[in-house]
A.B. asks: 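Below: one structure in structure tokens.
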Amino acid sequence: MKQPNLFFYSPISTPFGISIIGWYDNRLSAFVLPQQSLDEARNILNSYQLPKHDSQNTGSSLPWPDLPDKINAYFQGEKVSFPEPVYLEQFHPFTRQVLETIRTIPWGEVMTYQQVAHQATQSRAYRATGQALGRNPIPLIIPCHRVVAKNSLGGFGYGLEWKSRLLSLEK
DNA sequence: TACACCACGCGAT
DNA sequence: ATCGCGTGGTGTA
């Protein structure tokens, strides 16, 4: 009899609203940027491509007790890094490769989609790279906002206002 | 398979 | 500024 695969999540409050941290197999697996209500945040969580799980639970204590504080510090403009382990195994290798690659972009720096494509897969798949970033279930912690187009901001799943807000926090 | 989609980049208007 | 096309991974059927 196999153990059920449990997905946990925990809402946290931030200066900008309600966020959700999700984890699976003791690794960080989802993050929802601040929303007005818990319902909105949960809807976004469920729109993510999450690891295959048997049940979704809340109320369990976070494996990283200081993470909410770090997130709040980030929103206050502090230079914070997020080395917590992540779970991305529900994605194809290309997508994982792209997401792992951009994890290494330091606070305050940016790369273009083209640069990410080249570094991640030695290819010109910068369009596919954009697609992969659009699937990022752990924004902020996996800093997809630090990837911009060569001559513009590029896109962002939560809207470009969010992207520029995050980037200006890092100036 | 085949086909459509896409958070890009580039060169030609 | 805008258009068209190359580009390559993914989702869907």
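Below, chain A is the first sequence line, B the second, and so on; all start at residue 1.
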A.B. asks: Go through the steps to decide whether A:I12 and A:N72 satisfy the test side-chain contact (heavy atoms from CB on, under 4.5 Å), and finish with yes or no.
C.D. replies: CA-CA 10 Å; A:I12 65 167; A:N72 281 314; 5.6 Å; no

A.B. asks: Residues in side-chain contact (heavy atoms from CB on, under 4.5 Å) with A:N5, at least two apart?
C.D. replies: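 So A:N5 forms a side-chain contact (heavy atoms from CB on, under 4.5 Å) with A:K2, A:Y24, A:D54.
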
A.B. asks: Atom CZ of residue position A:R124 - does it have more than 12 heavy atoms of other residues, nucleotides or ligands inside 6.0 Å?
C.D. replies: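 Not more than 12 within 6.0 Å, no.
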
A.B. asks: For A:Q122, does the CD atom sit with more than 12 other heavy atoms under 6.0 Å from it, leaving out its own atoms?
C.D. replies: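 Yes, because the 6.0 Å sphere around CD of A:Q122 holds more than 12 heavy atoms from other groups.
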
A.B. asks: I need the residues from residues 100-117 of chain A with at least one non-hydrogen atom less than 4.0 Å from DNA chain B; give them sorted by number, or say none.
C.D. replies: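 Close to the strand are A:T112, A:Y113, A:Q114.
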
A.B. asks: Assess, by modelled atom type and distance only, whether the side chains of A:E170 and A:Y74 contain a donor and an acceptor separated by less than 3.5 Å.
C.D. replies: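 Present: a donor and an acceptor within the cut-off.
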
A.B. asks: Is there a donor-acceptor pair under 3.5 Å between the side chain of A:Y87 and the backbone N or O of A:P51?
C.D. replies: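 Flag not set: sc A:Y87 to bb A:P51 has no pair under 3.5 Å.
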
A.B. asks: Is a side-chain donor or acceptor of A:R103 paired with a backbone partner of A:I142 at a separation under 3.5 angstrom?
C.D. replies: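 The answer is no, because no donor-acceptor pair under 3.5 Å joins these two groups.
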
A.B. asks: Mind checking side-chain contact (heavy atoms from CB on, under 4.5 Å) for A:K79 and listing every partner two or more places apart, or none if nothing turns up?
C.D. replies: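 Expected list: A:W107.
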
A.B. asks: Among residues 129-137 of chain A, which residues get a heavy atom nearer than 4.0 Å to DNA chain B?
C.D. replies: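 Close to the strand are A:G130, A:Q131, A:L133, A:G134.
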
A.B. asks: Pick base, sugar-phosphate or nothing for A:Q97, based on heavy-atom distances below 4.0 Å to the nucleic acid.
C.D. replies: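 If one applies the 4.0 Å heavy-atom cut-off, A:Q97 turns out to touch nothing in the nucleic acid.
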
A.B. asks: Using Watson-Crick pairs (N1 to N3, plus N6-O4 or O6-N4) and G-U wobble pairs, both distances under 3.5 Å, which stems of at least 3 pairs involve DNA chain C?
C.D. replies: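 The stems that DNA chain C takes part in, listed by first number, are B:1-6 with C:8-13, B:8-13 with C:1-6.
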
A.B. asks: Donor-acceptor check, side chain of A:T104 to backbone of A:T101, threshold 3.5 angstrom: yes or no?
C.D. replies: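 Yes, because the side chain of A:T104 sits within donor-acceptor range (under 3.5 Å) of the backbone of A:T101.
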
A.B. asks: So where does chain A start and stop touching DNA chain C, 5' to 3', when the test is distance under 4.0 Å to a non-hydrogen atom?
C.D. replies: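 First and last nucleotides in contact are C:dG6 to C:dG11.
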
A.B. asks: Could you check whether any side-chain N or O of A:S19 sits under 3.5 Å from a backbone N or O of A:V32, counting only pairs where one atom can act as donor and the other as acceptor?
C.D. replies: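 Answer holds: yes.
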
A.B. asks: With sequence neighbours excluded, tell me which residues meet side-chain contact (heavy atoms from CB on, under 4.5 Å) with A:L160.
C.D. replies: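 Checked A:L160 against side-chain contact (heavy atoms from CB on, under 4.5 Å); matches are A:L153, A:F156, A:K163.
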
A.B. asks: Give the first and the last nucleotide of DNA chain B, reading 5' to 3', that has any atom under 4.0 Å from a heavy atom of chain A.
C.D. replies: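 So the contact region on DNA chain B extends B:dC5 to B:dC10.
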
A.B. asks: With distance as the sole test, does A:N136 use its side chain to make a donor-acceptor pair with the main-chain N or O of A:I138 at under 3.5 Å?
C.D. replies: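 Pair found, side chain donor or acceptor close to backbone of A:I138.
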
A.B. asks: Strictly below 4.0 Å, N to O, side chains only: are A:K70 and A:E84 in salt-bridge contact?
C.D. replies: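 Judged by the 4.0 Å cut-off on N to carboxylate O distance, A:K70 and A:E84 do form a salt bridge.
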
A.B. asks: Can any side-chain N or O of A:Q119 pair as donor or acceptor with the backbone N or O of A:V116 at less than 3.5 Å?
C.D. replies: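 Not confirmed, A:Q119 side chain does not pair with A:V116 backbone.
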
A.B. asks: Do A:I71 and A:F31 come close enough that some side-chain heavy atom pair is under 4.5 Å?
C.D. replies: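 Yes. Closest side-chain heavy atoms under 4.5 Å.
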
A.B. asks: Whether the side chain of A:R27 engages the backbone of A:P85 through a donor-acceptor N/O pair (distance < 3.5 Å, no angle test) should be reported.
C.D. replies: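 No, because the side chain of A:R27 does not come within donor-acceptor range (under 3.5 Å) of the backbone of A:P85.
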
A.B. asks: For A:S55, enumerate each residue passing the side-chain contact (heavy atoms from CB on, under 4.5 Å) test, keeping only those at least two apart in sequence or located in another chain.
C.D. replies: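 side-chain contact (heavy atoms from CB on, under 4.5 Å) check on A:S55 returns A:L6, A:N57.
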
A.B. asks: Ignoring hydrogens and geometry, is there a side-chain-to-backbone donor-acceptor pair from A:T95 to A:F91 under 3.5 Å?
C.D. replies: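 It does not hold such a pair.
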
A.B. asks: Working to the nearest 0.5 angstrom, can you tell me the gap between A:I18 CD1 and A:Q35 CD?
C.D. replies: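 Interatomic distance, A:I18 CD1 to A:Q35 CD, rounded to 0.5 Å: 10.0 Å.
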
A.B. asks: Considering residues at least two apart in sequence or located in another chain, which fulfil the ring-ring contact (aromatic ring centres under 6.0 Å, His included) criterion with A:H118?
C.D. replies: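 Not a single residue meets the ring-ring contact (aromatic ring centres under 6.0 Å, His included) criterion with A:H118.
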
A.B. asks: Name every residue in residues 158-171 of chain A that has at least one heavy atom under 4.0 Å from any atom of DNA chain B, in order of residue number, or write none if there are no such residues.
C.D. replies: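 When residues 158-171 of chain A is checked for heavy atoms under 4.0 Å from DNA chain B, there are no hits whatsoever.
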
A.B. asks: So which of residues 140-154 of chain A are in contact with DNA chain B, with a heavy-atom cut-off of under 4.0 Å?
C.D. replies: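 Residues of residues 140-154 of chain A that come under 4.0 Å of DNA chain B are, in numerical order, A:C144, A:A149, A:K150.
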
A.B. asks: Base, sugar-phosphate or nothing for A:A128? Non-hydrogen atoms, less than 4.0 Å.
C.D. replies: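 Base contact.
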
